[in-house]
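Following this message is one structure expressed as structure tokens.
Whatever order the structure lists them in is the order used to number ligands and atoms, beginning at 1.
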Amino acid sequence: MTNTKYWPADDESSSGLKEAAAALAAGGVVAFPTETVYGLGADARNTDAVRRIFEAKGRPSDNPLIVHVASEEALDSLAEQVNDLERKLIRAFWPGPLTLVLPAKTVAVSPLVTAGLDTVAVRMPSHETARRLIELSGCPLAAPSANRSGRPSPTAAAHVMEDLDGRIDGVLDGGPTGVGLESTVVRVLDGVIHILRPGGVTAEQLQAAAGPEARVETGGESAAEGAPEAQTAEQPRSPGVKYTHYAPEGEMLLITADNDDALIQAVRETARQARDAGRKVGIIAAGEHAGRYEGAADEILVCGSRQAPETAAQQLYATLRECDRLGLDFIVAEGFPERGIGAALMNRMRKAAGGRVRSVPQP
Ligand code: TXA
Ligand code: MG
């Protein structure tokens with residue numbers, strides 16, 4: 001057991017930030033806020049420090065980590081080359097929730113970070129505290145989400161403590177995160193932007209920034225899930241996408257429908273049947289629909305709004321954690337439209353449901 005320190009990020013003297021940076025420079029593992037989710041950071045060049053990330057999370061060693069930088073110079077010390085289209089994306093979205101997978105410079109980071117691949121994933125967070133922490137520590141920070149492997153990612157310092165208290169050196173508390181879902185991971189090959197993991201930057205935004213000559217390919221992940229063999233040039237993939245993720249302890253079923261009334265009816269019926277079978281049932285619903293589920297489940301959990309899907313993205317992980325706190329053993333969740341951030345939201349909801357998805361046919 002390690003004594004996990006807790007530092008508020010916004011104290012007058014920045015003493016928390018300084019202590020956290022010093023701990024990282026000394027080879028420690030520290031959780032910190034980003035605009036997406038909390039990350040669990042360590043000096044990417046220090047193999048012993050990076051090993052502690054994997055141990056604290058219980059993360060499989062074949063799942064590589066994203067390296068966080070605070071400048072483009074730091075990027076150039078990690079990546080062998082960055083092409084014009086990649087530079088364009090960097091100019092459009094950095095700092096921000098976009099991760100680029102690039103050919104790695106040899107020995108720039110510990111081989112544990114890249115899990116032995118010849119590529120390295122890099123991003124520059126837009127969260128002020130994250131950038132200051134990287135600068136003050138003087139390290140490129142390898143940082144996965146700061147949750148135990150398989151659990152929902154942390155969007156508040158309290159979630160980090162729930163999962164990792166006693167296993168890491170400290171948590172820098174910067175309040176709730178903004179986006180609420182992880183960064184978009186892309187690989188650019190032959191003028192095609194492959195989305196390996198949907199996230200905070202949408203496919204539509206990537207296409208708009210890249211221009212009409214570039215193609216955005218969103219199929220990278222589903223192809224990867226069926227094909228666990230090595231990454232190929234034709235179909236780049238992200239090793240992490242094959243693992244179970246974000247799952248609440250109870251069984252979750254995701255229901256989708258094109259029509260709101262059909263959706264509500266299917267969710268109500270499914271919840272009621274499970275309840276009749278003696279299960280403790282929760283419904284995850286958008287605010288607009290919550291009132292229509294009264295009496296259909298033991299708990300109704302509101303997750304954002306259908307009018308503003310970014311609010312559902314912000315709240316999803318906390319809502320999944322709430323399901324565990326309430327001891328729910330069956331969770332019926334409403335699907336959201338897959339436009340914009342809805343694509344990343346539904347990607348995470350499908351994973352949380354362990355692939356249990358029912359789509360209601362058009363009436
Ligand atoms: O928003 C985020 O990206 C957060 C915050 C903390 O920055 N980090 C995060 O890290 O989500 P993690 O470790 O939970 O997810 C990293 C993803 C995994 O799916 C991993 O397989 C993929 O990035 N990845 C990392 N390096 C890669 C590489 N060289 N090639 C392909 N995929 C890579
Ligand atoms: Mg993660």
Would E338 and R350 count as a salt bridge (charged side-chain N to carboxylate O under 4.0 Å, His left out) if you check the C-alpha gap in whole Å, the side-chain angles of each, and the deciding distance to 0.1 Å? CA-CA 12 Å; E338 305 229 13; R350 270 188 218 101; 2.3 Å; yes
Report yes or no: does a heavy atom of P97 sit under 4.0 Å from some atom of ligand 1? no
Using a strict threshold of under 4.0 Å (side-chain N to carboxylate O), is an ion pair present between E135 and R132? no
Checking F93 against L206 for the side-chain contact (heavy atoms from CB on, under 4.5 Å) test, could you report, in this order, the C-alpha distance in whole Å, the side-chain angles of both residues, the deciding distance, and whether it holds? CA-CA 9 Å; F93 299 109; L206 285 167; 3.8 Å; yes
Taking the non-hydrogen atoms of L117, is any one of them nearer than 4.0 angstrom to ligand 1? yes
Closer than 4.0 angstrom, basic N to acidic O: yes or no for E35 and R123? yes
Could you tell me, atom by atom, which parts of ligand 1 come under 4.0 Å of a heavy atom of A143? 6 (C), 8 (N), 10 (O)
Determine, for E72 against R87, whether the closest basic-nitrogen to carboxylate-oxygen distance falls under 4.0 angstrom. yes
Taking the six-membered ring of F336, is NZ or CZ of R306 closer than 6.0 Å to its centre and within 45° of its axis? yes
Closer than 2.8 Å to the Mg ion (ligand 2), do we get an N, O or S atom from S145, backbone or side chain? yes
Looking at N63, which atoms of ligand 1 are within less than 4.0 Å of one of its heavy atoms? 18 (C), 20 (C), 21 (O)
May I ask you to say whether R321 pairs ionically with E162, meaning some side-chain N is under 4.0 Å from a carboxylate O? yes
Within a distance under 4.0 Å of any heavy atom of G39, pick out the atoms of ligand 1 and give their elements. 6 (C)
Shortest reach to atom 11 (O) of ligand 1 by a heavy atom, considering only K57, E35, R59, R197: R197
Could you tell me whether S145 and ligand 1 have an N or O pair separated by under 3.5 Å? yes
If we only count N/O pairs under 3.5 Å, is H68 in contact with ligand 1? yes
What are the atoms of ligand 1, with element, lying closer than 4.0 Å to any heavy atom of P239? 21 (O), 31 (C), 32 (N)
With heavy atoms of T119 as the reference, note each atom of ligand 1 found under 4.0 Å away. 28 (C), 29 (N), 30 (N)
Tell me whether L316 is reachable from I283 by hopping between hydrophobic residues (I, L, V, M, F, W, Y) whose side-chain heavy atoms are closer than 4.5 Å. no
